[in-house]
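Naming convention: chains lettered A, B, ... in sequence-line order (proteins, then strands); numbering from 1 in each chain.
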Amino acid sequence: MSEEVAPHTHFQYADATHQSDTAVAGMWLFLASEVLFFGGLIIAWMFCRHWQPAGFDAGGRETVLWIGTLNLFLLITSSFVYSSGLAFMEAGNIRRLVQCCVVTMAIGTLFLLLKFYEWHIDLSENLFPAGPFKITGTDAGGARMFWSFYFVATVLHALHMIIGVGLVGWVAVQARRGAFDDGWYTPVEVVGLYWSFVDIVWIVLYPVIYLVGRG
Amino acid sequence: MSQIVLPQSQISYLSDGVSLRSWLLTTDHKRIAILYMISITFFFFLGGSAAALIRYNLLVPQGMIQSAETYNRLFTMHGIIMVWFFLVPAVPVTIGNFMLPLMLGARDLAFPKLNLISWYLFMAGGACALYALFSGGIDTGWTFYTPLSSNYAQGHVAAVVIGIFISGFSSIATGLNFIVTIHRLRAPGLTWYRLPVFVWSLYSTSVIFVLATPVLAITLILLLFETLFHVGVFDPRLGGDPLLFQHLFWFYSHPAVYIMILPGLGVVSEIIPVFARKELFGYKFVVWASVSIAVIAFFVWGHHMFVSGQSLFASVTFSLLSYFVAVPSAIKVFNWLGTLHKGHIRFDAPMIYAFGFIGLFTMGGLTGLFLAALAADVELHDTYFVVAHFHYIMVGGMVSAYFAALHYWWPKMTGKMYPEMLARAAALLMFLGFNVTFFPQFILGYLGMPRRYHAYPPEFQVLNVLSSAGATILAAAYLMPLVYLTFSLFRGDRAPANPWGGLGLEWQTPSPPFTINFVVTPVVTKGPYEFPKPGIEPSDV
Ligand SMILES: [Cu+2]
């Protein structure tokens, strides 16, 4: 977590292992707080759905299933690619790590482009919950609430994706500059944890957004 | 070990660079603590001014300030600033930042840059909130209940919500930093049961920071969505449930009350053994009381909603669980009393503040039981009884603890001694002014005066005037430390390394400490309160 070239160790640590284990612990704790962040959202979502299942299902059926599904596969693939990069790093192959980072970024960007396209479709079909709305009748209220959750959740997830693509890019640049060696590559691990978490959030959001209403 | 490059080791953190840049870009936890201290002092006096105007308004039954709108904005501003920009960061983030690494025998927190970032997040959040509060203010109260805040409130609700959201990430970052530091950076021999109680209370507080604040963050995002687009998940017109907002809000905000009080309990547990020259009575009980308060905190939020229409079963459950909080709280008070028993007590200023804390915290805690009782709460809910209760905890408790901590560690932080007699006078005046201000409010609430009204029936005037008079004493008592502590920076005597004869690791560094805290990492061989024998003077230790 340091910019000093070598040694990487800050003066409050006994040695490099002490420091890198601490960084990994910090990321796990951050992810715990992220779980509560998205967990709060999903609990509120389930609570509201419980009172108006028909409205939520009517809303959910309007989502673009193929984009959501494609994005699910993209993200799972990207996590696999990044983890392979980490494995290459552990084996000391920095060139392969950089390649894996670039592929991960490309997949992440593709995810985001698809997401923007999906939002474009949603908006052009009047699915934004404020203003004129596609669904009318008794289910309109619940459907609007579904789409409120949808936009909050997907925008938050996309922000996490943008940060993640930036972090993976940073890892690639650092790796190319030779900042890592097989004795010290903590940032690669820490960013990997984050990336996998963002992937997992999508795995949880996917059924809630795209499948429950169609079930 | 030999690879590690140490910064200049024998230089005080205060003289290690004097430019503004060296302060604003520092990663030294001690300097960041000073940055926090300056910021929260500003917020404290700002929030205090709003309180002064509130008490001024309530001097006469029809209200000295003509408009109820203005009054609403004043108490909202008071609440928001005091809760999020003073009480939450006061002891944990400010004092904790400075003391935690010193008490652990560490050279810094685990993530120094993250620590600096969290100060900038705090300031960015504060700036957003200040912008909104000064460009007209908002009238929702600090709780932002929907649909008032989302559809009917005037002013920049969105800006305040964004400000609190951002400062929440500052809390999360600090809590994360503290937890990891306590796990990973303890000096050799510093086992968990040798940790000072203050460290344990910071740990418990940090758990709440990390696990409760994100729930507030997502709640605020949902609220923001609703405020901006006038449609959302708390909107009854769509079949949404405004009570859901209250559940989510209090899921954070009740634990947040313990963010505000747990570190105070820790401070008092540090001070009492030192000034009674006796080992802390029942160390493990005190420690586990802190932890269990933090755990129970997550299961009592519904006591804020007894009259909101939640089910009777929920209310009874939350009422019972709220009673459980009294157990660890009482354990602490009895352990402090046990420590004082047959101790050789010295009445230095920190100790007077700590005594004030015990009295006021006990009052606040016991009146909390009235409010946790379902039937009594139906009568007392939203009256001045509630206002008095939480001010006894928040101001009587936490602000006293903050001043206790500030005086206790001031010599360590600044290398200067403050004028002792003035400090004792201020401590006594604070206790007096506080009681004159807030005790009448218990009676007012019991008689049925509702909170948050800018006018009241004439029969309540005597007690209200008394309360406002007390507020002027309290204001004077708060201004005193501002003056004499500032004065001591320039003209105070040089502080020795260990002016109180404390046994914690922080006293083994010079005052003020070196930038790297410890040139040689200390090795710990005993607990933090094992005083040799009662009656030994600090100079002998
Ligand atoms: Cu509460």
Side-chain angles (χ1 to χ4, degrees), chain A residues 1-4 6-16 18-19 21-30 32-45 47-48 50-52 55-56 128-131 133 138-149 151-153 155-156, chain B residues 1 3-7 9 27 101 106-114 172-173 175-177 179-181 183-185 188 206 209-219 221-222 224-226 228-241 244-245 247-248 251-252 516-517 521:
Chain A
M1 303 294 294
S2 148
E3 291 125 8
E4 291 129 56
H8 309 282
T9 315
H10 269 302
F11 61 74
Q12 70 270 43
Y13 293 103
D15 51 48
H18 188 201
Q19 174 164 342
D21 288 356
T22 305
V24 173
M27 182 45 92
W28 276 109
L29 202 55
F30 174 72
S33 113
E34 287 275 66
V35 167
L36 269 288
F37 183 75
F38 283 103
L41 179 69
I42 286 171
I43 282 186
W45 193 327
F47 176 85
C48 290
H50 176 76
W51 295 108
Q52 322 186 58
F56 270 67
F128 191 76
F133 191 64
T138 46
D139 289 340
R144 278 183 199 257
M145 277 175 68
F146 172 88
W147 281 92
S148 304
F149 277 117
F151 278 102
V152 170
V155 168
L156 286 177
Chain B
M1 219 54 199
Q3 294 175 317
I4 300 166
V5 186
L6 291 180
S9 56
T27 54
R107 288 185 168 138
D108 206 325
L109 289 172
F111 310 117
K113 281 180 210 159
L114 183 66
I172 294 174
L176 189 154
N177 218 337
I179 293 177
V180 174
T181 304
H183 273 278
R184 304 283 307 164
L185 291 178
S206 301
F209 270 145
V210 173
L211 297 185
T213 317
V215 178
L216 175 75
I218 192 67
T219 311
I221 285 186
L222 291 170
L224 188 65
F225 186 86
E226 193 158 336
L228 293 178
F229 301 114
H230 297 286
V231 56
V233 305
F234 307 120
D235 188 344
R237 289 171 306 181
L238 302 186
D241 188 353
L244 175 63
F245 176 82
H247 278 294
L248 291 170
F251 181 83
Y252 163 79
I516 60 158
N517 295 349
T521 302

Straight-line distance of [X] [atom1] to [Y] [atom2], nearest 0.5 Å:
X: B/Leu238; Y: A/Phe133; atom1: CG; atom2: CZ; value: 9.0 Å
X: B/Tyr252; Y: A/Leu36; atom1: OH; atom2: CG; value: 13.0 Å
X: A/Phe37; Y: B/Thr213; atom1: CZ; atom2: OG1; value: 12.0 Å
X: A/Thr22; Y: B/Asn177; atom1: OG1; atom2: CG; value: 11.0 Å
X: A/Leu41; Y: B/Ile221; atom1: CG; atom2: CD1; value: 8.5 Å

Quiz item: Quick one: of A/Pro129, A/Gly55, A/Cys48, who has the most non-hydrogen atom pairs under 4.5 Å with chain B?
Solution: A/Pro129
Quick check for you: among [options], which has the greatest number of heavy-atom pairs under 4.5 Å with chain A?
options: B/Val233, B/Val210, B/Asp235, B/Asp108; answer: B/Val233
options: B/Leu109, B/Leu211, B/Val215; answer: B/Leu211
options: B/Leu222, B/Leu216, B/Asn517, B/Ile172; answer: B/Leu222

Which atoms of [X] approach chain B - backbone, side chain, both or neither, heavy atom under 4.5 Å:
X: A/Ile43; value: neither
X: A/Phe146; value: neither
X: A/Phe30; value: both

Self-check item: Contact summary for A/Arg144 and B/Val231, nearest pair of heavy atoms
Solution: CD-CG2, 4.4 Å
Quiz item: Which pair of heavy atoms, one from A/Ser148 and one from B/Gly232, lies closest together, and at what distance?
Solution: OG-CA, 3.9 Å
Quiz prompt | Partner set under ring-ring contact (aromatic ring centres under 6.0 Å, His included) for B/Phe209, not counting sequence neighbours | solution = none
Is [X] close to chain A through its backbone or its side chain, or both, or neither, when contacts mean heavy atoms under 4.5 Å?
X: B/Asp241; result: side chain
X: B/Ala110; result: both
X: B/Leu114; result: neither
X: B/Leu176; result: both
X: B/Leu248; result: side chain
X: B/Phe225; result: side chain

Quiz item: Listed by chain and number, what are the side chain to side chain contact (heavy atoms under 4.5 Å, CB included) partners of B/His183, not counting sequence neighbours?
Solution: B/Ile179, B/Trp192, B/Tyr203
Quiz item: Counting distance only, does the side-chain N/O of A/His18 pair as donor-acceptor with the main-chain N or O of B/Arg184 below 3.5 Å?
Solution: yes
